[in-house]
Structures are given as structure tokens and as C-alpha cells.
Amino acid sequence: MSYVLEIKNLTKKFGDFTAVDSVSFNVEDGGFFSILGGSGCGKTTLLRMISGFEEETAGELLIRGESMKGIPPERRPVNIVFQNLALFPMMNVEKNVAFGLQRQRLPKSEVQSRVNEMLERVGLVGFEKKKVTELSGGQRQRVAIARSLVLKPEILLLDEPLGALDRKLREHMKVELKVLQKEIGTTFIYITHDQSEALVMSDTVAVMNEGRFEQIDTPKSLYKNPQTSFVAGFVGESNEFQLSSYEGGELTTKNGCKLSKLDLDFKPKKLFIRPEAFILNPSADLSGIERIDMQLKAILFDGSNTKISASIKQGHEEVLISLPQNAQFEDLREGDDILVGVHRDDLKCYKD
Amino acid sequence: MKKLVMLGVLVLTLVANGAMAQETLRLLTWKGYAPAKLVKDFEAKTGIDVKITYSNNEEMIAKLRATRGAGFDLAQPSQDRISFVQEKFPVYQPIDYSRVNTGQLVTSMVDAVKRNTAVDGKGFGVPHCYGTTGMIVNQKLAPGADDWSDLWNPEYAGKISYRLKRPLLIATAFGMGEDPFALYDDIDAYRALMKRVEKTLIDGKKYVKNYWTSGDTQVAIIQSGDANVISGWDGKGWTLHKENPDIDFIAPKSGALGWIDTFAIPAKSKNLDAAYKWINFMLEPENAAYFTNQEGYGTASSGAIAFLNDEIKANFSRSFPPADLDNIKWHPPVPAGFEKIEAKVLDKIKAAK
Amino acid sequence: MMKKPRGTFYLLITPVLLWLLALLVIPHLDMLYRSFRFETDDGLWVFSLNNYLAFFEDQIYWLTFVKTALYSIGVTILAFVVTFPVAFFLTKVVAKKYSSFMTLLLLIPIWIGELVTVYGWMILLRDNGVINSFLINIGLIETPIVMLFTSFSMTVGLLYISMLFMIVPMMSALDSMDDSLIEAASDLGASKWTIFRQIIIPYTTPGIVSGGIIVFMLVIGDYVAPNILGGKSSLWFTEQIYNKFLASFNWSEGAAFGFLLLLLSSSIVWVALKLSGQKLDKVGS
């Protein structure tokens, strides 16, 4: 497998502040690679180093095996879709898309045919002469992507381009982007703070925190097996518990709730349990699960995402539990006592 | 809030001023014609507040014409610029010579001004001061410059300056050996003369450094060395001579132009009393002499000679040998319509390369 | 839906309307009336177009106007060339806290007033003035360079008094431009020059045009700088209007020339707007 992008110990410092701290990773050709992190984690700086707008303090950056050291943005085989899209307001759709091609001094006919082809691909035929200010949010999005893709870059960088859209459109664009990427096969590097965007679209997700990568993995194993407590807390919803002790295979939370977890070879400090890991009224013949007595505090109705808030009787820890979407639990009422089970494998423990 | 307070203060000031109801004299005059000391003395003596607006002949006419003679109690136009204005736009009122202390004035000058400013047999001016327009020359740097024709003499190329206004057209005509005043009754001949004057000045334009535009720029241009041969007023030339003996006023061989500035009373003057008081005050021998000692211009006050500085007397004898004194060309009143011809000539000269 | 204006509204707007009427409308109507009055040789006042025709009949007038207009266009272009780098520097390069202070410094010529700045330039530019003395003292030149009373000194003076009106609208246009537009263009392969020509200039065109209009109107209507700094051949059209009023006492022709100046310079602005593809309401905002 060839790598389109190789990054080795890449570091960026602004004065005393280290924005990107010795990051190394490779991106496979034709993949959809996301970098997920909160604001200020260094993901934008990393992107700007790949595109050439920031110069690295140390480390190496190779595209198709070639070092990018000292190469300005206009000469790198990567293109970027900006957070605010940065469409040229004084040009129409067609001219926006043709801008990059014209810079390469291609013959007019070739520019025209490539622009047409690209507009067809993103579904903007008939909008050629429209001003970009007259387009809807989703259409503007497509112009921005078309403007970059028409140059056939090795990598397309996307800097949270869906951030400004409303929720419905964002859901729609997620699917559209993923399909588009599969169709054309260009490598996408996608930056976001929205884990759902990263999980839905990506082949590979890197979770970034304080200038470092916490974990690089497929969305599925990132969700199932977070390697660090940061990833466990950041990706997906989780109930987090502070632990006070681990003795004889028994975890004790700060508030005194006890759970058994036998196979740990380190002293854990934090425990994460996903809301959907809980089983309401587990049947008596299930093995390998912990059974916990709780009292139902509130039902948080949210359609397919409805949860209940409950309090563990022993230690009064508050937890959120996903409610299965069948009529089975419709008669639950606030204040009811409930028995909840959780598989011991789903007790995710971390030492920091 | 701040603005409100300021507005309040302003209103109070206005009210306070009104309450005092001080008498004022609104004077429209030339710079230097109302020396601060004399204004102070006058205010102390009469209790009348003097408000001065500085101007020149052209602006004086325009201002008074715009208001049809209102806004000022006393003006000081040159004697040749009164009658034609008065005939067309009546902006002045006749002088009541019985209220002027003519006893302290040079009689011949009073009569001449009365005659020259007359409309329908009534005089409109009282002489105040007189002087000449001639040349101011830096005699060290431009030796030999002594006639109007030197204003287009290649010998002084790049160091010549003058004010491009009607006196210069008259001066040029004299410099060319013509007598423009003799043509004041023949407008067609005068127009033809002005054509020749125009050509002379356009041909000579390449030697001109710049046109000066006011008394201050007149002084500055020769003081700074930007020019050495300029047209100028005698008083200014003598003031410059005091500072730099190389520079002096020279009466051009073909004749210095004599002017008399007057007192004239606007048609809608609101304070005639004050106006006549000021006229009589300014022409008292001692005050008139103070003005002449300050500004260098001659005065119409007959007794002033006793109080003049030696230096002032020396100026006259140095710049005006007897022959030149006789040769002074006194401006007769300008006939109506002439200024229109001259204005066009001036525009053409200014626009020429 | 608009509410119907009530009594208080009229009460509040009346002083404004009266003010406009008394100080703007009536004087202009008076001038317009005058501009059509003509005195015949018999001294009779009649309505006529003669005052306007005088402008076209005598080539000195329209030539002066053409010269003034061309010169004003030149100064406007020069003002753009001189101020654009400054505007770009202040909005895109310097940190915000310094740039507002520096913008304040640019206002100084306006605080001082035109006449004083013009005299200041005279002191700097004259034959034995500051600049010539300096150049002679350091041995760069032997005889002074003639700068004062030339087209050069006039241009400097006109630029100096009008520059600010170019720079302010340009700065606000540049300020509103997102830096990511420049980065996007660069990312798409554009050189610095292309970015300047294809992105920055088109984006700031409304600012440039509105600044240009102000500078042009200011320069073509100026009197002081051409008159004092311009020297012997700098006949500006405003000076001819001044002379009409003050030297030849021909107020009717002066009024007609004033309206011609207004009309002709407005049509130049209109043509410029058409050529640059701008609309007045857009430029004005």
C-alpha cells in the first residue's frame, strides 16, 4: 500500500506554545482520513502545514514521497476547502471553478470542458452564470469542493466545511461528501470537531488532543475500543466515573459503587460505560455481567435517541442509559426501582 | 450632555453681549489700515467696539454687492473703483462732507477724490491714504532693473514676479510706451491696446517665476530669493529695505501708478456716527502719522508731516527723485465694462504656456 | 409593514427640511436663476443661454475645464497608486492596535487645514527651502531643483489634501475582505500579482471607486492648492469661476460656469461608474 501523505515528527511552535507536538502518521491513497479534536487541539495548524500556509518548526512532510519543505501553497499538489469556503464573491460559479485551471495556463477549451465535467459531477449544471452569493449553503459547499477538485489534487483538505450549515443539511452533506469521495477516489483529509461527521464519513479517524494524536483507527474500533481515556470521553457518549481503588478484582468509584473487573494489569483511575452498554432487567441466565440496582430519575425522550437518567443506589452515581426502541419499557415511571446489567467487557478502564 | 452645556454657554454669551448693547463699527478694510494701537485708542476714547474684516478691492465690491450694501458700516475701496460700481449696483451712500473734518486734510486731494467718486454730482469718498505701485528690486542680484519693461526682460529670467491683476495690465501698457488712461473714453482702442498687452505678457511669461497674490506673498517671494524683480507697493518695498538694504522700492521710469484709498460708506450702514468718528479719528495728524510710520503709505492728513519719522521722509526722497514724482500716473475712475475686457485678458495670460 | 408617519414625525423632520431649503435649495435656485440672466448691450436683463454658450464659444474656458478635468483624473489615479499600499499595509499587515493609531496620524492634514498645509509645502519645496538645502548640504546637487510653483508642487499639494479620502473607503473595503480569500487564491495556484489583480482589486473596487469619486470632486473643485502651489500656468477652472465673480463682476456667467462644473464633473463620475461596472448606491454604502 502506497502512502499519499507521510508525516514524521511534525512540530509547530508559536513562541512558547506548541500547537502541534511531534505528530507522525501516514495517509493511504484514496482514503477518507479525518482529524477529530476540540478547538485549539492543533488540527487547523496541522492542516495549514500540509497546505503550506504555515511552516513546520521541525519534522518532515512528504506528499507522494516528495518533501514539501519550502514549497509554497500555490505549488503543492493539495487543495483546501476553507471553513468559510472563501468563494470569490465577485465571480460567478463557473469562474470560481475555472480560477485554478486558468492559473495553469491551460487552453480555454480544456478549462471549459473540465469545468463543465466537474459541475456536472457535483450537480451544479445550470448554475454556471449564477453569482455565488445567490446560491444556497449546500450549493456553495459544492462550488468550493468543485473549485478544488477540478485541479485533480493528490489530497483534498477540508477544514470543517460543514460547520456553518444547519443540522438537516449537514446530515445530508455528510452522505454526499462520502459518496463523492468514493466516486472520484481522491484522498480527503477532513478536519472536524464533530465526532459524528468523522465517524460517518471516514475510513480512518485520528483523534487529536493538545497537539498530539491520541489514537488513529477505523471509526468502529475507535468507538468500540478507545485506547485512551480522552478518546473514550470524546468519541461518542459515555458515563464517566472516577475510581478510588482497585483491589482483588473489584473497582470502587469515588462515591463508593463497587463493580468487579478481574483482568486488569494496571491500577485504573477512570471508568467509562457507554449508555447503550447497559441492559435493562437482564435475564437471570446471562453470565459475565454486573448487576446494579438503580432508581429511575427521569426519562429523556428524544425519539430514537431516548435515554433515561438513573441513580446507582450504592454510591449514588448518576448514569445515562439508552432506552431500547420497543414498547417493552413503556411502563417505566420516574422513581421506579430498576435492575441494570452491564457486560464486564464494556467496563472501559484507564490509568489516567 | 457636553454639547448641551456648550450650547447653553453660547446662548448666555450672546444674551450677555446683547444686554451690554455696545456700539460697534463694522469696518471693511485692507490689512494694515487699522493698526491695533489706533483701534485701542479709538475704543477707549469713544467706547465703540471696532470689528474689522480684511479684504481687497475685488472682494469688497463682491461682498457689498451680495448684501446690497449691508453688513458693514464703513469700507475702504480705492478711489477709482467707486463710481462705476455705484452706478451699476448702488452699494454706497453719498458722503456728508460737513461731518468730515476736512480742515485737517490736504484740500486738493479731497477735491480730487470727491470729483473722481462722484455720481449724480454727489461725492462718495474721503481720501485716507495714497501710495504707488511700482517695482521692488533686489539691486544686488538684479542691478539695472528700473522700468516696467524689465518685467519681461530676459536678463532677469526666472526671477520675475508680479500680481496678475488689472494694475499690472496698466503698468505693462506704460512699459510699452503707451498711455492707457488716455484711452478710457474709447473702449475699442482700449480693447486693442489690451490685446497688445496680452501678447507682451504671454511672450514674457517664460521669464516669470510666479504670480504673487497678496501683500504677504509679495513680500515672501522677494525676501526668500525666489524672485529679484517684482511689481510691488511702495510701503512694502520700504519695509523690506529696512531689513535688507539690497531690496528697495523703485519708481519705474515709465511711471509709477498712483492710487488713493478712501473711506466710503455702504448704503445700509447701521452706525453712521461711528463711521464719521472713525474717519475723523484716523485722519488726526498724530494718528495719520502713526499709520504712515507703520505702513509707509502717504496720508491725506495735512498736519501729519510734523510727526513723520526721518526714515519715512528718506524713503520718499530716495525712491522719488523730482522727475519720477511728477511722472506718477494717478488712476482715473475705471469706466464701466472695462474690467470685463481686462478679466478675459488676465484669464488668457494665466492659461498660456 | 410601514406605519403611517404621525404628527411627531412631521414635527421632527420640519426643521431638517427648513434647514435644507434655506441653506441648500434656495441659494442654488437663486444661482440657477442668475445663470440664465444676461445683460444686453443696452443694459437690459433678459433670459438667455448666452452665459452657458460663453463656455463653449471661447476656447479658453472649455480648454481650461478639459485641462482641469484631465489633471483631476490623473491626481485621482495617483492618489490610488500612492495610498493602496498604505491601506493594504494598515489593514492586512499591521496589528490592529497599531493600525488604528496610524490611521489617526493620517488624519492630521485634515485637522490642520488646507491653507496651512499648503504653506507648509511652500517652505519645504522652495528653491532655498528645506528639501533643496538638505540636498545641497549632503552634496547630492549643486544648484537647487525648481519644485515650487510647478505642476509637481501642485500635484503634491492636491494629493496631500485628498489622499485621506481615498484611503479610508479603501481601508474599510479591505477590512471587510476575509484573509482566506487571499489564501484560497494562493492555494489554487495564483501568484502574488494575480491575487492582487484578480482578487484584491475586484473585491475592493467599490471602495476604490467611492474614494476616487470623492478625490476627483475634491480636486476638481479645489481652489487653494492650484492657486498657491501651482505657479504661473496653473489656471484651474474654479479660479475662472472666482474671477467671474470677483474680477469681472459677471455673476451670471460665474453662476453658469458653476453649474457647468457641477454638471460636467458629475457626468465624468457617471461615465467612470459605468466603465467600472459599479452602481452609485453600492459605492455609497
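Labels below follow one simple rule: chain letters A, B, ... track the order of the sequence lines, proteins then strands, and each chain is numbered from 1.
For A:N84, the part sitting under 4.5 Å from any heavy atom of chain C is the side chain, from C-beta outward, and nothing else. Contacts between C:T194 and chain A at a heavy-atom distance below 4.5 Å involve the side chain alone, from C-beta outward. For C:D178, the part lying near chain A is the side chain, with the backbone staying farther off; criterion is any non-hydrogen pair under 4.5 Å. Neither the backbone nor the side chain of A:L101 comes within less than 4.5 Å of any heavy atom of chain C. At a 4.5 Å heavy-atom cutoff, the contact between A:I80 and chain C is made by backbone and side-chain atoms alike. With a threshold of 4.5 angstrom between heavy atoms, A:R147 approaches chain C through its backbone and through its side chain.
Each of A:Q83, A:Q104, A:R48 has some count of heavy-atom pairs under 4.5 Å with chain C, and the biggest count is that of A:R48. No other option in A:P72, A:A144, A:P89, A:S51 has as many heavy-atom pairs under 4.5 Å with chain C as A:P89.
At least one donor-acceptor pair under 3.5 Å links the side chain of C:T150 to the backbone N or O of C:F152. With hydrogens and angles ignored, the 3.5 Å screen pairs no side-chain donor or acceptor of C:S186 with any backbone N or O of C:I182. With hydrogens and angles ignored, the 3.5 Å screen pairs no side-chain donor or acceptor of C:T91 with any backbone N or O of C:D175.
Taking both residues in full, the closest heavy atoms of C:S265 and C:F216 are given as O-CE2, 3.8 Å, listed atom of the first, atom of the second, then distance. The shortest non-hydrogen separation linking A:V122 to A:R142 is O-CD, 2.9 Å.
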Please walk me through it: do A:E54 and A:L47 pass side chain to side chain contact (heavy atoms under 4.5 Å, CB included)?
CA-CA 9 Å; A:E54 298 285 354; A:L47 188 87; over 6 Å; no
